[in-house]
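Counting begins at 1 with the first residue of the sequence.
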Amino acid sequence: MRALKLRLARWMVATVIPAVFRRVNATIARVVRSPLHPLLGPRFIVIRCEGRRSGRTYLVPVLSRRSGGGELRILTSARALWWRNVESGAPATVYYRGRERDARIDVVRGVDAPSEVERALASRGVVARTLVALPASESVLLRVWLSPDV
């Protein structure tokens, strides 16, 4: 029975969960880029990045928190793969509040002590709370500066 449960769990992690996340992420990305974006609130943004190896364009919906100076902060796990496609300081495209904006993204690995902004982000859900509990070597902070709105 234990072996059956283990096989079922591995199957779920390998097939079901990624399929669900692909559909959920695609739906969120579609809503954030549409006039319906207020339904999700201002915290959701979509980062458009190009795969380092494949060259494919990816749309990655993430939760962000605005900090001082017009900067958006995103806290994620170093185990996640998507952030590796965003080079630090390289120009990027971000969908924020239903509009496409040019942005600059800085990647900070190993956040030692999350500031109040990261703590506020972490208080928003189980996954985010888990990120704050991660050791510094397993956390990544992305700082996003949006171009002025025209």
Side chain proximity check, R101 to T93, heavy atoms < 4.5 angstrom
no

What pair of heavy atoms forms the shortest contact from R84 to L81, and how long is it?
NH1-CD2, 2.7 Å

Does any non-hydrogen side-chain atom of V140 lie less than 4.5 Å from one of V107?
yes

Counting distance only, does the side-chain N/O of S64 pair as donor-acceptor with the main-chain N or O of R43 below 3.5 Å?
yes

Let me confirm one number: the CG-CZ distance from L63 to R65, rounded to the nearest 0.5 Å.
9.0 Å

For N85 and E50, the nearest pair of non-hydrogen atoms, with its separation, is CB-O, 3.6 Å

Rounded distance [0.5 Å steps], CD1 in I74 versus CG in L141:
8.5 Å

How long is the straight-line distance from CH2 of W82 back to CG of N25, given to the nearest 0.5 Å?
11.0 Å

Does the side chain of L72 come within less than 4.5 Å of Y96's, by heavy atoms?
yes

Y95: partners by side-chain hydrogen bond (donor to acceptor under 3.5 Å, both in side chains), with sequence neighbours left out
R48

Enumerate donor-acceptor pairs with a distance under 3.5 Å from any side-chain N or O in residues 5-20 to protein atoms, sequence neighbours excluded.
| from | atom 1 | to | atom 2 | distance (Å) |
| --- | --- | --- | --- | --- |
| W11 | NE1 | T15 | OG1 | 3.2 |
| T15 | OG1 | W11 | O | 2.6 |

Per-pair distances, 0.1 Å, donor-acceptor, side chain in residues 28-40, under 3.5 Å, sequence neighbours excluded:
| from | atom 1 | to | atom 2 | distance (Å) |
| --- | --- | --- | --- | --- |
| R33 | NE | A29 | O | 3.1 |
| S34 | OG | V31 | O | 2.9 |
| S34 | OG | L36 | N | 3.0 |
| H37 | NE2 | R97 | O | 3.2 |

Contact check, side chains of V94 and L146, non-hydrogen atoms, under 4.5 Å
yes

Nearest 0.5 angstrom please: L75 CG to L142 CG, how far?
9.0 Å

Tell me the closest heavy-atom pair linking V86 and C49, and the distance in Å.
CG2-CB, 4.2 Å

Checking A92 now: which residues fulfil side chain to side chain contact (heavy atoms under 4.5 Å, CB included) with it, not counting sequence neighbours?
I105

Side chain to side chain contact (heavy atoms under 4.5 Å, CB included) filter on E71, not counting sequence neighbours, yields S67, R73, R143, W145

